[in-house]
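One structure is given here, and the rest of the page talks about it.
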Amino acid sequence: MAQPSSAGELDAVRLETELLEQWKSENAFVSSIQNRKDGAPFIFLEGPPTANGKPGIHHVVARTYKDLVCRWKTMEGFRVERKGGWDTHGLPVEIEVQKRLDLMSNESIEQFGMDAFNQACRESVWTYEASWREMTERMAYWVDLDNPYVTLDNNYVESCWWALKQMFDKGYLYRGHKVLPYCPQTGTSYSSHEVALGYKEVEEPSVYVKFKLTDEDASILAWTTTPWTLPGNVGLAVGPEVTYVRCRVKEAAGESWAGAGGADVGEELILAKDLMKEVLRHHVEVIEEFPGSSLVGRSYEPLFPDAVPRMGSTTAWTVLEADWVTTTDGTGVVHTAVMYGEDDYNLGMEAGLPAHHTVGMDGSFLEGTHPELDGTYVKDCDATIIALLSASGGSNGKGPQSGLLYREKEYAHDYPHCWRTDHPLLYYAMDSWFVRMTAVKERLLEFNDEVEWAPDWVGEGRFGEWLRNVKDWAISRERYWGTPLPVWRTEDGQMKCIGSISELQEEVANAVAAGFENPECPDDVDLHRPIVDGFTLLSDDGQPMHREPFVMDCWFDSGCASFAQWHHPFDGGEQFDASFPVDYICEGVDQTRGWFYTLLAVSTTVFDSKAYKRCLSLGLILDAEGKKMSKSRGNIVDPWDHFNREGADATRWYMVTAGAPWNPLKFDSNGVRETYAKMFLTLWNVYKFHADYAALDGFDPESSSSEPDQRPELDRWILSRLNTVATGYHESFVNWQFHKACRDLEDFVVNDLSNWYVRRSRRRLWDEAESGDKLACQHTLHEVLTTLCRLIAPVSPFMVDTIHRNLTGLAVHQSDWPLGIPGTIEGATADEWDEVAAKATATLPPHDPALEASMDLVRELAEAGRRVRIDNNRRQRLPCSKGFIVAGPDLSAFHDLLAEELNVEIIQVENDLDRFQRIELAPNFRALAPKARANVNDVANAIKSTEDPVGLLAQIDAGTATIMDILIERSDIEVKRVEREGFAAQTVEVTHGDTTSHVSLVLDMNDTPELLSKGMARDITRRVQARRKTLDLALEATIELEVWMENAPSMMAADEEWVATETRTSACIFHQEGAAPPAGAEHFEVDGTLVYFTVV
RNA sequence: GCGCGGGUGGCUUAGUCGGUUAGAGCACCCGGCUGAUAACCGGGAGGUCGCAGGUUCAAGUCCUGCCUCGCGCACCA
């Protein structure tokens, strides 16, 4: 049944695309889960991507890490359901549509019709869905895209509403103001991400303004870069610890005064002491110094008396203290306009300043601010404001003769601009809804502590830092396309939060009964705007309630994914209970403040629980130059470039081995190429070697057997290596060190398996007769390859499936993890690796560390042999009569192998170490340093450079060795044995546990006629073989060979015979020395011998 | 500005508790080996381990400051 067929040449792309078809027809993904239907659940939650952009290689990276963990856990016996998801709301979608329909302001959207606009958004979301699906399938990310959760679905929205109502009922939801960057042209406020897109350096007038104290003839100086906020001024902030001075102007300013403003001689000004030089342009005398705290409470004249009503505030137009005030720029006094700065707003709320707008949503001054300003766009008012302040007496008529402006100064700084219209943004206090995250801060921190973060510093550091500074979450957006905020409100502020469709229907019915007209509210009412805006509800005291006209931050949507994907609590109770909190999530580190946070924020406020147990936070993907990949930079790598060239296996393997998952990955296309050539081509060729012979011989692993402990050392060695590598691989997986796991495994495939085991085993399979040795090799290859396939499968799922199927008849993705399947054990949980259960089900071959160590040494000696030959100018094919192994462990089991590798007639063990070796002494600094202290270097040099190491060692052993009055003991030194000069030898160091020994290899360089003949035979053979290859002859084809030689050693008959058989000749003639070769004969020269030959 | 993570030959990177010759891969050069694959083996060239101080007998590794890149936060009068 499981008899392998031979493997063809590798065409990775074809292999993968054919396999995709097969998976599809077999429904392989679904059956891989059904296969584990009785397994313990391992819950993965997909972070929903937005499908309104084309997927790039960076998405492939994230999906690889998601996929590999899910596949790995499935193989371990867990049931790993993977529901796909789509994030479909939010500003990015709206902007995309606005661009397409050329609707660049809210006004134009409303003219166009919110209904139609939202419909366009709804459709736009799926623009690239097909691309995503194709990418996802091609890269073999197994996720259920046929039943995904979609944030715009009514069910999903209803769950979000329910969640919000939980918060509302717990008192976490409130209505307030937030100062946001706002574009009056588009009527839109922006998230910080969008603001970051639009920073531009601009030069603007900044002004130093005098605020005249009411109770004395002095003014406090304050600075601002936004003169338009001055009419809104209601306070001045000073640092309580900062030192301020009051100073008097002594003489008029000089000629160099530039711009408006000024001060009268004798006028008194107050500002931070540190900033006098920076700010003042007059000669002044300091009258007094005092801390900021003594200014607090002083009141001053409003600059624009009518602009802001007092509204009962006792603190308006007084000096306030704020610890964030610094003296790095300005005057050390911060002008505070409550509605137009975040600090200002917070301070204003704290101190009870009037919260009153002087600027409308259209960006122009409101009526009543000042006759010369009213109705004008604020950014056009700089000159007017400066002129008003500069007038004698100033804008309020209560200032000094010189006016209220002290100075103006051009100021260059970065300022946010609307990235769509290029207009400067205004920081503007807007009505907004908040979730009181500050109330649950301690819980957030506790839950975060329970999460296993990879890497841990993201949890403790970046995310922990964020949580420690948590602010209330502004969840409302004045937008159209999103989950509507389900809060209805009366004009006098009574509120209702609706948590379900049925509740909405009930409330609508009540309202209708009370006589308020309402549209129909069927079971499948669309929960989007503008439908929901149409409902008028009834307050408890009979007033009409209208919906707060906001949609929610789309991050709120995705933050609800853990339960909204099941339509909890309306449906899917079981699924939810069984899958919350989830076991594993994985996204880019840029989600720290995004999804990682909102998931936790929602679960904490709604369920008082964490949302996920493990979180893998991935590093950013950079291009080959180290620049972040982004659409705007145009440096996005198209994954298909690689899918269509090296294939998804190589692409995925490359991404995992290129670095730790959390490190930034510089995506290098050459790296994918290299991975393909090294890892996958090598693996394929090993497989091909096995499969071709297995097919030829009709090898069937089930109908023959070969006891592992009966197999040759080489087999037992590779099996033991496999055990070691697999164990380490698994260990690294558990520790999230996927890169390390895969690098080590790759090294195993290339070095141990291909370059040693297969190379050393080739001849074993040439045997045409059925031999125990051949069977041993075939069983070994079978075991190694199938185990490798299962280890590699989670990372690169294609080629290994093909191999595994051909060797075993079974799909690799239905098979078990070689280290055990604890997930299938009753009572298992996904929370930790069950050692006992794993051990009971593991299928690894026996581990033999001693054998591995011996083989290591053998390989080192083989390499040493090649080095010896190069140093001594002896070609590799010319045999040596003897090779001596000096010291070291018993390697007699490998002597034959070594003799072949070293091309020597016989290996001998030399017991007289001193015949080929001498000793060297080296200091052991760790032991020596505490004794010798500052003299350690001198002592060390004395030990190193001793003329007579043997004598010194004898003294040390006798306890009589002192250097610089320090008794040198055996533990203070290391004894190294190295080869003696004058021998063709190399010494290698062997570490066995914590002891090191030195083994030398010595080659006998003397020639004999037999050796020369043998060597020549090998050179001829090799040339003829190369010729056969260039002639593209079949392996079993025979040739007729003729050879002519000049200045050759005399050839032994046995060697001529050997050449004849090795090169598969039907006729072979060695001509006498002196016979002339034909003109076209191929020829080569080796060690002074000229050889000609013809192949027919 | 604050926080986190980096900076090691041309490129990508490893480097444990501080231990005296900083290790690999790619690319390059020379040589070898090969019915062994786009492979392999040996050798070579290429490194002020970001800079400057400090601790130490000894620093890529620990400390301080600075430069620089990335990310995040705060963006401020």
Side-chain angles (χ1 to χ4, degrees), chain A residues 9-10 192 195 199 206 222-226 229 236-237 322 324-326 328-337 340-344 413-416 427 455 457-458 460-466 469 588-590 592-593 619-620 622 624 626-628 658-659 662-664 666 668 670-671 673-674 676-678 681-682 684-686 688-689 739-740 743 747 750-751 754-756 758-759 762 766 862-871 875-877 922-930 932-940 944 1021-1022 1024-1026 1028-1029 1033-1035 1062-1064:
Chain A
E9 292 302 316
L10 177 61
S192 56
V195 174
Y199 269 96
S206 71
W223 181 63
T224 181
T225 56
T226 51
T229 61
L236 292 174
W324 41 263
V325 175
T326 62
T328 49
D329 42 19
T331 65
V333 179
V334 177
H335 139 66
T336 300
Y340 310 111
E342 193 171 355
D343 281 335
D344 306 48
H413 62 148
D414 286 333
Y415 193 83
Y427 282 90
W457 50 259
V458 168
E460 287 156 22
R462 183 175 287 212
F463 196 56
E465 196 60 32
W466 168 255
N469 297 318
V589 68
D590 48 324
T592 309
R593 267 75 183 207
L620 278 169
L622 313 172
K627 298 258 162 56
K628 185 177 174 173
W662 43 83
N663 282 341
K666 271 195 200 173
D668 178 11
N670 289 331
R673 185 96 194 133
E674 207 179 297
Y676 171 76
K678 254 186 110 162
L681 203 54
T682 305
W684 183 261
N685 282 312
V686 169
K688 183 167 147 51
F689 170 69
H739 60 303
K740 196 177 170 316
R743 283 172 178 176
D747 186 63
V750 173
N751 284 318
S754 176
N755 289 335
W756 192 250
V758 170
R759 183 163 73 81
R762 263 174 207 280
W766 292 355
E863 282 173 24
R866 286 182 211 121
R867 229 163 12 226
V868 170
R869 284 173 177 274
I870 284 162
D871 291 348
R875 64 182 211 273
Q876 219 69 238
R877 285 186 215 91
N924 175 6
F925 280 90
R926 268 185 223 275
L928 218 46
R933 325 262 298 210
N935 294 327
V936 69
N937 283 327
D938 294 334
V939 176
K944 264 193 280 193
T1021 303
R1022 133 100 179 106
V1024 174
Q1025 301 287 39
R1028 284 183 62 113
K1029 204 172 181 181
L1033 296 181
L1035 266 173
E1062 276 296 300
T1063 58
R1064 285 184 179 258

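Below, read A as the first sequence line, B as the second, and so on, with proteins coming before strands; counting in each chain starts at 1.
Ser754(A) places no side-chain N or O within 3.5 Å of a backbone atom of Asn751(A) that could act as its donor or acceptor partner. A donor-acceptor pair under 3.5 Å links the side-chain atoms of Asn685(A) to the main chain of Leu681(A), judged by distance alone. Between the Thr226(A) side chain and the Thr224(A) main chain, no donor and acceptor come within less than 3.5 Å of each other.
Distance CG (Asp668(A)) to P (rU12(B)): 8 Å, rounded to an integer number of Å. Remark: P of rA38(B) and OH of Tyr676(A) are 11 Å apart, rounded to the nearest angstrom. Put simply, CG on Asn469(A) is 10 Å from C1' on rG3(B), counting in whole angstrom units. In this entry the distance linking CG of Leu928(A) with C1' of rC57(B) reads 10 Å, nearest Å. Computed from coordinates, the Phe689(A) CZ to rA39(B) C1' distance equals 15 Å when rounded to whole Å. Protein atom CZ of Phe463(A) is 16 Å distant from nucleotide atom P of rG72(B), rounded to whole Å.
As rounded to the nearest Å, rG15(B) and rG35(B) have P atoms that lie 39 Å from one another. Rounded to a whole angstrom, the distance from the C1' atom of rC67(B) to that of rC28(B) is 32 Å. Distance noted for atom C1' between rG7(B) and rU48(B): 15 Å (whole Å). Comparing rU68(B) with rA27(B), their C1' atoms are spaced 27 Å from each other, to the whole Å. Rounded to whole Å, the P atom of rA45(B) lies 15 Å from the corresponding atom of rG10(B). Between rU55(B) and rC63(B), the two C1' atoms lie 7 Å apart (nearest whole Å). Using C1' as the reference atom, rA24(B) and rC57(B) are 31 Å apart when rounded to the nearest Å. When the C1' atom is compared between rG32(B) and rG70(B), the two are found 45 Å apart, to the nearest whole Å.
Using a 4.0 Å heavy-atom criterion, one finds that Thr229(A) contacts no nucleic acid atom at all. Within the 4.0 angstrom heavy-atom criterion, only backbone atoms of the sugar-phosphate kind lie near Arg866(A); the bases stay farther away. Among the heavy atoms of the strands lying under 4.0 Å from Gln876(A) are primed sugar atoms or P, OP1, OP2 only; no base atom is included. Residue-level contact check: Thr682(A) touches the bases, meaning some heavy atom is under 4.0 Å from a base atom.
Among residues two or more places apart in sequence or in another chain, the salt bridge (Lys or Arg N to Asp or Glu O under 4.0 Å) test is passed with Glu863(A) by none. Listed by chain and residue number, Tyr654(A), Leu665(A) satisfy the side chain to side chain contact (heavy atoms under 4.5 Å, CB included) test with Ala658(A) (two or more places apart in sequence, or in another chain). Residues satisfying the salt bridge (Lys or Arg N to Asp or Glu O under 4.0 Å) test with Arg1022(A), not counting sequence neighbours, are none.
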Between N or O atoms, less than 3.5 Å apart, protein on one side and nucleotides 23-31 of chain B on the other: list the pairs.
{"unit_1": "rG25(B)", "atom_1": "O2'", "unit_2": "Glu674(A)", "atom_2": "OE2", "d": "3.2"}

Collect all protein-nucleotide pairs involving nucleotides 13-17 of chain B in which both atoms are nitrogen or oxygen and the distance is under 3.5 Å.
{"unit_1": "rC17(B)", "atom_1": "O2", "unit_2": "Arg926(A)", "atom_2": "NH1", "d": "3.4"}

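Interface remark: the Arg867(A) side chain does not form any donor-acceptor pair with the rG42(B) base, using a distance-only criterion of under 3.5 Å.
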Query raised in the report: If pairs are Watson-Crick or G-U with both distances under 3.5 Å, what is the dot-bracket string of RNA chain B, marking crossing pairs with [ ] and pairs to another strand with |?
Result: (((((((..((((.....[...)))).(((((.......))))).....(((((..]....))))))))))))....
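Proximity note for Val334(A) (side chain, C-beta onward) versus rA77(B), rU37(B), rG35(B): the nearest is rA77(B). Closest to the side chain of Leu681(A), out of rA38(B), rG35(B), rA77(B), is rA38(B). Closest to the side chain of Trp457(A), out of rG5(B), rA77(B), rC33(B), is rG5(B). Listed nucleotides rC71(B), rG35(B), rC33(B) differ in distance to Gln1025(A); the shortest reach to its side chain belongs to rG35(B). For Asn755(A), counting side-chain heavy atoms from C-beta on, the closest listed nucleotide (rA38(B), rC40(B), rG43(B)) is rC40(B).
The two residues Tyr427(A) and Pro416(A) come nearest to each other via the heavy atoms OH-CG, 3.7 Å. Summarising the geometry of Leu928(A) relative to Pro923(A), their closest heavy-atom pair is CD2-CB, 3.9 Å, with the distance given to 0.1 Å.
For Lys688(A), the NZ atom sits in a packed shell: over 12 heavy atoms of surrounding residues, nucleotides or ligands are nearer than 6.0 Å.
Applying the 4.0 Å criterion to OP1 and OP2 of rG32(B), one finds that Arg869(A) has every side-chain N and O outside that range. In terms of phosphate contacts, Tyr340(A) brings no side-chain nitrogen or oxygen within less than 4.0 Å of OP1 or OP2 of rA77(B). Look at Thr224(A) and you won't find any side-chain N or O under 4.0 angstrom from OP1 or OP2 of rA77(B).
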